[in-house]
Undergrad: 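Quick one: the structure is below, and I'll ask about it shortly.
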Protein chains: 2
Amino acid sequence: MSQPTMQQVAERAGVSLALVSLVMRQAPNVSDYRRQLVLDAAEHLGYRPNVLARNLASRRTNTIGVVLNDIHNPFFAEIIDGIQAASDEAGYRVLIGNGKRSPSGEAEMVETFLQFRVDGIITAGATMPMSTIEAASESTKMVVVGRSSRSQVIDSVNTDDVTGARLAVDYLVELGHRRIAHIDGGTGAGAEARRRGYSQAMTDHGLSAEIVTAGGDFTESGGYHAASELLNQSSRPTAIFAANDLSAAGALDRIEDAGLAVPDDVSIVGYDNTALAAMQHLSLTTVNQPRDELGRLAVGFILERLRDERTDSVHHMIAPALVKRKTSSRLTAGEST
Amino acid sequence: MSQPTMQQVAERAGVSLALVSLVMRQAPNVSDYRRQLVLDAAEHLGYRPNVLARNLASRRTNTIGVVLNDIHNPFFAEIIDGIQAASDEAGYRVLIGNGKRSPSGEAEMVETFLQFRVDGIITAGATMPMSTIEAASESTKMVVVGRSSRSQVIDSVNTDDVTGARLAVDYLVELGHRRIAHIDGGTGAGAEARRRGYSQAMTDHGLSAEIVTAGGDFTESGGYHAASELLNQSSRPTAIFAANDLSAAGALDRIEDAGLAVPDDVSIVGYDNTALAAMQHLSLTTVNQPRDELGRLAVGFILERLRDERTDSVHHMIAPALVKRKTSSRLTAGEST
DNA sequence: ATCGGAAATTAGAGCGCTCTAATTTTTCGC
DNA sequence: GCGAAAAATTAGAGCGCTCTAATTTCCGAT
């Protein structure tokens with residue numbers, strides 16, 4: 001298992017160690033003749049640079065770590081695409097860590113990446129304390145995606161969740177609904193803002209008496225149980241706004257289990273517009289978050305900092321948009337009973 | 001951004017560099033007194049071990065890299081859970097790389113992990129050439145998950161896809177279907193075996209004349225288009241066996257778009273039993289692959305090799321099982337027209 | 001030929017840690 | 001209280017690479 005080293009390549013090529021290093025780093029000012037000599041020797045020996053040594057010596061890793069709150073949530077997984085595309089262009093490699101939906105799991109991944117001395121870390125949907133993230137920013141460039149932040153030191157990219165939630169409620173009200181319940185995301189990223197947007201919009205429409213929130217956790221089963229709770233109430237809601245697509249899907253399951261129809265008996269609106277929501281079979285009305293853009297922007301912020309182009313923090317907020325599909329419909333007379 | 005080093009911790013604690021190293025490695029034979037001195041100094045300085053330096057010096061990384069063919073495919077993402085659980089127990093950290101559904105994307109991630117000198121690499125659903133994997137095994141421990149292999153050097157863990165496909169076909173035949181089409185997984189991992197199982201089972205049931213395969217690629221849109229193809233045939237199938245859940249979901253969408261009902265007009269069976277299939281709204285009949293076990297076994301094989309407990313390759317095959325849900329039903333008279 | 005500056009190459013000192021061997025301190029039986 | 005063995009600590013040589021500074025080679029101009 002022992003690997004050839006630069007030293008061996010140098011000997012075989014009959015040049016100095018330093019020259020091999022220059023060739024490997026694609027440095028200019030190396031004659032074509034020797035460059036070829038080195039490349040041939042490397043090829044012959046099956047030489048592969050040791051990034052541990054390289055990074056140690058150069059104090060750069062050319063790597064961006066991404067900590068996903070939950071690898072099973074398509075929303076987070078889809079952010080990866082934008083991150084990867086932007087990183088590829090900039091010549092950075094991407095390593096992914098799974099936070100297993102727990103603050104400690106996320107913090108452990110951050111710690112792992114810090115120990116690896118990655119050049120930057122993007123956290124997607126982080127639930128760990130902001131203080132953990134700020135502490136990490138002493139050692140590397142941190143960007144928070146999908147969670148609002150007004151930190152003085154950390155950059156963030158996210159959609160305006162308060163507005164997003166309002167869009168959902170406004171639309172349901174427009175369809176005639178009044179008993180609109182919310183399945184929230186508990187302590188999940190963005191959950192607080194969406195809860196707030198829901199309440200504000202309800203209040204603005206004079207429906208503050210109808211505000212009902214059931215506790216979810218951004219998972220399908222969480223949505224299922226929250227829906228149970230809502231259905232057991234004396235006056236069940238005619239519409240449910242769920243804090244994300246996964247819990248909306250769970251709620252949908254529960255409602256169908258109860259023998260009710262969606263959207264005829266209950267309308268459902270989700271959040272994120274993941275591939276799941278777009279599946280025609282589900283066809284979930286939802287609030288779009290431009291995931292690709294979120295990912296790209298996050299990488300951009302890290303690159304800016306790495307190039308010392310900026311030192312003060314930036315908080316980029318993208319406007320969300322409602323995507324109307326088939327789980328929502330106009331309230332009919334029969335429903336209000 | 002410069003970080004404290006062991007040297008600084010040693011100075012502050014008034015001990016040698018070597019002693020700090022011993023403490024950080026939780027070595028025995030360090031007095032409680034000095035251990036505490038070191039820990040206090042480290043804490044005070046905010047010291048964090050540099051794994052690059054550590055790994056370089058120790059020639060071990062305590063890290064397992066996982067290359068996923070596609071991070072968006074829930075099947076692969078779900079394998080991560082088992083991998084992570086087993087790795088945690090063994091004290092290994094897990095880093096994830098996304099192959100972006102392309103052989104070259106996968107190969108790049110393998111290369112990245114090799115450059116990081118990870119102790120082992122698990123590839124899930126790999127589509128890159130076996131030769132690439134075998135080449136990598138010269139440098140680290142490789143395990144292939146979800147793809148059959150009879151390599152003399154690489155360990156593999158997967159379910160018996162031929163049998164799995166037969167289960168699906170047998171069941172559909174049992175329900176009275178004869179025109180059973182297959183949406184395959186193209187060049188995807190396991191696709192070939194499932195295609196073969198399908199053909200064999202059809203032939204065994206005397207239905208070789210009914211064999212129809214539409215080209216898919218393990219994605220939802222692939223399934224959608226393949227279903228289009230099948231529906232346009234003169235005699236459309238009464239049942240479709242898709243090579244994975246994602247393409248089954250796509251096929252379902254297409255069938256419903258065509259105004260047909262599932263399972264009344266067309267039965268559908270998927271493969272993998274991902275969380276997607278389990279969603280009650282979809283409730284897809286499918287073939288279960290025990291993902292958690294696949295992941296755990298893969299880690300176990302790497303550990304065995306790392307401990308030099310075994311040198312010859314092992315190919316572990318798990319029996320799949322049919323999970324009956326709501327997308328499949330008995331053929332009714334009307335359907336065969 | 002000869003010289004100067006640009007281009008190409010190399011020497012050598014780290015990067016922050018591990019690990020073996022050597023050294024120092026502690027412990028304990030008598 | 002002494003000596004030997006055990007326990008604790010340390011010195012120092014790498015791990016495989018980068019990077020600055022120094023050296024050597026190359027070339028065209030004179």
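Chain letters run A, B, ... following the sequence lines, proteins first, then strands; residues in each count from 1.
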Undergrad: Think B:Arg59 has a side-chain N or O under 4.0 angstrom from the OP1 or OP2 of D:dC15?
TA: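 No, because none of the side-chain N or O atoms of B:Arg59 sits under 4.0 Å from OP1 or OP2 of D:dC15.
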Undergrad: Would you kindly say whether A:Asn158 and A:Ser156 are connected by a side-chain donor-acceptor distance under 3.5 Å?
TA: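 No pair is found: no donor N or O on one side chain lies under 3.5 Å from an acceptor on the other.
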Undergrad: Across the strands shown, which category fits B:Arg34 at heavy-atom distances under 4.0 angstrom: base, sugar-phosphate, nothing?
TA: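 Since only primed, P, OP1 and OP2 atoms lie under 4.0 Å of B:Arg34, the category is sugar-phosphate.
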Undergrad: With heavy atoms under 4.0 Å as the rule, sort B:Arg35 into base, sugar-phosphate or nothing.
TA: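 No contact at all - B:Arg35 keeps every heavy atom at 4.0 Å or more from the nucleic acid.
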Undergrad: Side chain of B:Ser58 only, please: which of D:dC19, D:dA8, C:dC19 is the nearest?
TA: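 The nucleotide sitting nearest to the side chain is C:dC19.
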Undergrad: Taking atom types as modelled, find out whether B:Glu106 and B:Thr123 have a side-chain donor-acceptor pair closer than 3.5 angstrom.
TA: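 There is no such pair (donor and acceptor under 3.5 Å, judged by atom type) between the side chains of B:Glu106 and B:Thr123.
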Undergrad: When you measure from the side chain of A:Met6, which nucleotide among D:dC17, D:dT10, C:dT18 comes out closest?
TA: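 So the nucleotide nearest the side chain must be D:dC17.
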Undergrad: So if I take every side-chain heavy atom of B:Thr5 and compare against C:dC15, C:dC17, C:dT10, which nucleotide ends up nearest?
TA: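 Nearest nucleotide to the side chain: C:dC17.
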Undergrad: When all nucleic acid strands are considered with a 4.0 Å heavy-atom cut-off, which category describes A:Val51: base, sugar-phosphate, or nothing?
TA: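 Counting heavy atoms under 4.0 Å across all strands, no contact is made by A:Val51.
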Undergrad: Base, sugar-phosphate alone, or nothing: which one does B:Arg25 contact when heavy atoms must sit under 4.0 Å apart?
TA: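 Contact class for B:Arg25: base.
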Undergrad: Under 4.0 Å between any heavy atoms, over every strand shown, what does A:Leu22 touch: base, sugar-phosphate, or nothing? Just pick one.
TA: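 It contacts base atoms.
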Undergrad: Is A:Arg60 close enough to D:dC19 that one of its side-chain N or O atoms is under 4.0 Å from OP1 or OP2 there?
TA: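 Answer yes for this pair, as a side-chain N or O of A:Arg60 is under 4.0 Å from OP1 or OP2.
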Undergrad: For A:Gln84 and B:Asn98, does a side-chain donor sit closer than 3.5 Å to a side-chain acceptor?
TA: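 Checked: A:Gln84/B:Asn98 side chains pair up, N/O donor to acceptor below 3.5 Å.
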Undergrad: So what does A:Tyr47 hit on the nucleic acid, given a heavy-atom distance under 4.0 Å: a base, only sugar-phosphate, or nothing?
TA: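 Sugar-phosphate contact only - A:Tyr47 comes under 4.0 Å of backbone atoms but never of a base.
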Undergrad: The side chain of A:Ala57 lies closest to which of these nucleotides: D:dC17, C:dC17, C:dT10?
TA: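 From the listed options, D:dC17 comes nearest.
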Undergrad: Compare side-chain N and O positions of A:Asn50 against OP1 and OP2 of D:dC17 and report whether any pair is under 4.0 Å apart.
TA: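 So the side-chain polar atoms of A:Asn50 never come under 4.0 Å of the phosphate oxygens OP1 or OP2 of D:dC17.
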Undergrad: Where the side chain of B:Ser16 is concerned, which of C:dT18, D:dT10, D:dC17 is the nearest nucleotide?
TA: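 So the side chain of B:Ser16 is nearest to D:dT10.
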Undergrad: If the condition is ring pair (Phe, Tyr, Trp, His ring centres under 6.0 Å), which residues does A:Phe301 pass it with, not counting sequence neighbours?
TA: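 Once residues adjacent in sequence are excluded, A:Phe301 has no partner under the ring pair (Phe, Tyr, Trp, His ring centres under 6.0 Å) criterion.
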Undergrad: Counting the atoms with a prime plus P, OP1 and OP2 as sugar-phosphate, which does A:Arg117 contact under 4.0 Å by heavy atoms, base, sugar-phosphate, or nothing?
TA: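 Counting heavy atoms under 4.0 Å across all strands, no contact is made by A:Arg117.
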Undergrad: Do A:His315 and A:Arg150 have side-chain N/O donor and acceptor atoms under 3.5 Å apart?
TA: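 Checked: A:His315/A:Arg150 side chains show no N/O donor-acceptor pair below 3.5 Å.
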